[in-house]
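Computed from a predicted model, the values in this text were never measured in an experiment.
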Amino acid sequence: AVCSRLRTMLLPTASNTEASQVVPLPCKTAANVLLALSYFALPEKELQQRLLQELLRSKRIPQEALYQLKTFEMAIRLGHAAVTLQDLGGLAARWLFSIRSATGVPESRVESAFADEVSQVARNISWHHQAEVEVGPYLLDFAAVSRSEVEEEPQGWDDS
């Protein structure tokens, strides 16, 4: 149903053949829709071509949309999307290929008492914890059980 509505809005039909009747989408929305179409592997080739045309016309791609487009390009490359780069056309394929190496402004890092507390608790229960690792536009925390060369009980360990 959503794809049908989007097709009506974005694709010219017999009733809206004029370009003025076709509604453009904001960059973030177009990138969101492309990402959703690839995630669910929906075979909406014409809709995806139209969304990419809208994005190609943009003078500035917001950072959030940039990372969504990188994910969309990767989904196509890995065969997860229902379309191929050939389906989207040469210009769109080259543009998506260039998106792969595009960089955005790094996310600002903010000190947080909560993040410090989570890190401290992780170390107290013998986990190795790496806080705020930059992965794309996100800052992620990684935690894993600490393993030492000698398998001994961690300090404060209680088997009971």
Side-chain angles (χ1 to χ4, degrees), residues 1-119 121-122 127-145:
V2 171
C3 289
S4 175
R5 277 193 242 147
L6 284 169
R7 266 191 251 94
T8 303
M9 285 174 46
L10 298 170
L11 300 175
T13 62
S15 63
N16 69 347
T17 53
E18 293 182 30
S20 62
Q21 293 177 326
V22 177
V23 180
L25 287 178
C27 287
K28 288 182 186 179
T29 305
N32 280 336
V33 173
L34 281 171
L35 191 57
L37 291 172
S38 69
Y39 180 81
F40 293 108
L42 296 173
E44 293 286 341
K45 183 171 83 171
E46 287 181 359
L47 185 55
Q48 290 174 335
Q49 288 171 332
R50 179 71 174 128
L51 290 166
L52 281 169
Q53 287 172 0
E54 287 295 320
L55 289 163
L56 281 166
R57 288 187 188 110
S58 299
K59 290 185 169 78
R60 185 182 145 324
I61 303 289
Q63 184 165 334
E64 299 86 357
L66 179 68
Y67 287 106
Q68 290 170 334
L69 289 168
K70 285 180 179 226
T71 306
F72 174 68
E73 186 273 336
M74 186 176 11
I76 292 173
R77 199 168 10 112
L78 296 174
H80 181 71
V83 294
T84 65
L85 289 172
Q86 291 77 22
D87 292 336
L88 300 174
L91 179 62
R94 285 189 300 279
W95 183 73
L96 281 171
F97 184 78
S98 72
I99 289 288
R100 202 187 301 181
S101 61
T103 58
V105 179
E107 189 175 285
S108 61
R109 295 181 184 242
V110 179
E111 293 297 318
S112 158
F114 177 72
D116 293 340
E117 186 178 345
V118 168
S119 187
V121 167
W127 281 17
H128 174 72
H129 184 250
Q130 183 67 41
E132 297 184 352
V133 176
E134 189 173 331
V135 179
Y138 309 106
L139 294 175
L140 304 177
D141 286 5
F142 290 93
V145 175

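R60 meets the salt bridge (Lys or Arg N to Asp or Glu O under 4.0 Å) test with no other residue; sequence neighbours excluded. For R77, the salt bridge (Lys or Arg N to Asp or Glu O under 4.0 Å) partners at least two apart in sequence or on another chain are E73. Judged as a side-chain contact (heavy atoms from CB on, under 4.5 Å), and not counting sequence neighbours, the contacts of I76 are F72, A81, V83, L85, L88, L96. Checked against salt bridge (Lys or Arg N to Asp or Glu O under 4.0 Å), K28 has the following partners two or more places apart in sequence or in another chain: E64.
Rounded to the nearest 0.5 angstrom, Q68 CD and I61 CD1 are separated by 11.0 Å. The distance from atom SG of C27 to atom CZ of R57, rounded to the nearest 0.5 Å, is 11.5 Å. Taken from CG in L51 to CG in N32, the straight-line distance is 10.5 Å, to the nearest 0.5 Å. Residue L52 holds its CG atom at 5.0 Å from CG of L34, rounded to the nearest 0.5 Å. Rounded to the nearest 0.5 Å, atoms NZ (K45) and CD (Q86) are 11.0 Å apart. To the nearest 0.5 Å, the span separating CD on E44 from OG on S38 amounts to 13.0 Å.
In plain terms, the two heavy atoms of K70 and I99 that are nearest each other are CE-O, 3.3 Å. The two residues L69 and L55 make their nearest non-hydrogen contact at CD2-CD1, 3.6 Å. For the residue pair Q48 and L42, the shortest heavy atom distance occurs at NE2-O, 4.1 Å.
A donor-acceptor contact shorter than 3.5 Å links the side chain of H80 to the backbone of Y39.
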- prompt: Would R50 and E46 count as a salt bridge (Lys or Arg N to Asp or Glu O under 4.0 Å) if you check the C-alpha gap in whole Å, the side-chain angles of each, and the deciding distance to 0.1 Å?
  reply: CA-CA 6 Å; R50 179 71 174 128; E46 287 181 359; over 6 Å; no

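Among pairs with a residue in residues 84-93, none fulfils salt bridge (Lys or Arg N to Asp or Glu O under 4.0 Å), at least two apart in sequence or across chains. Applying the salt bridge (Lys or Arg N to Asp or Glu O under 4.0 Å) rule to pairs touching residues 29-42 yields nothing, sequence neighbours excluded.
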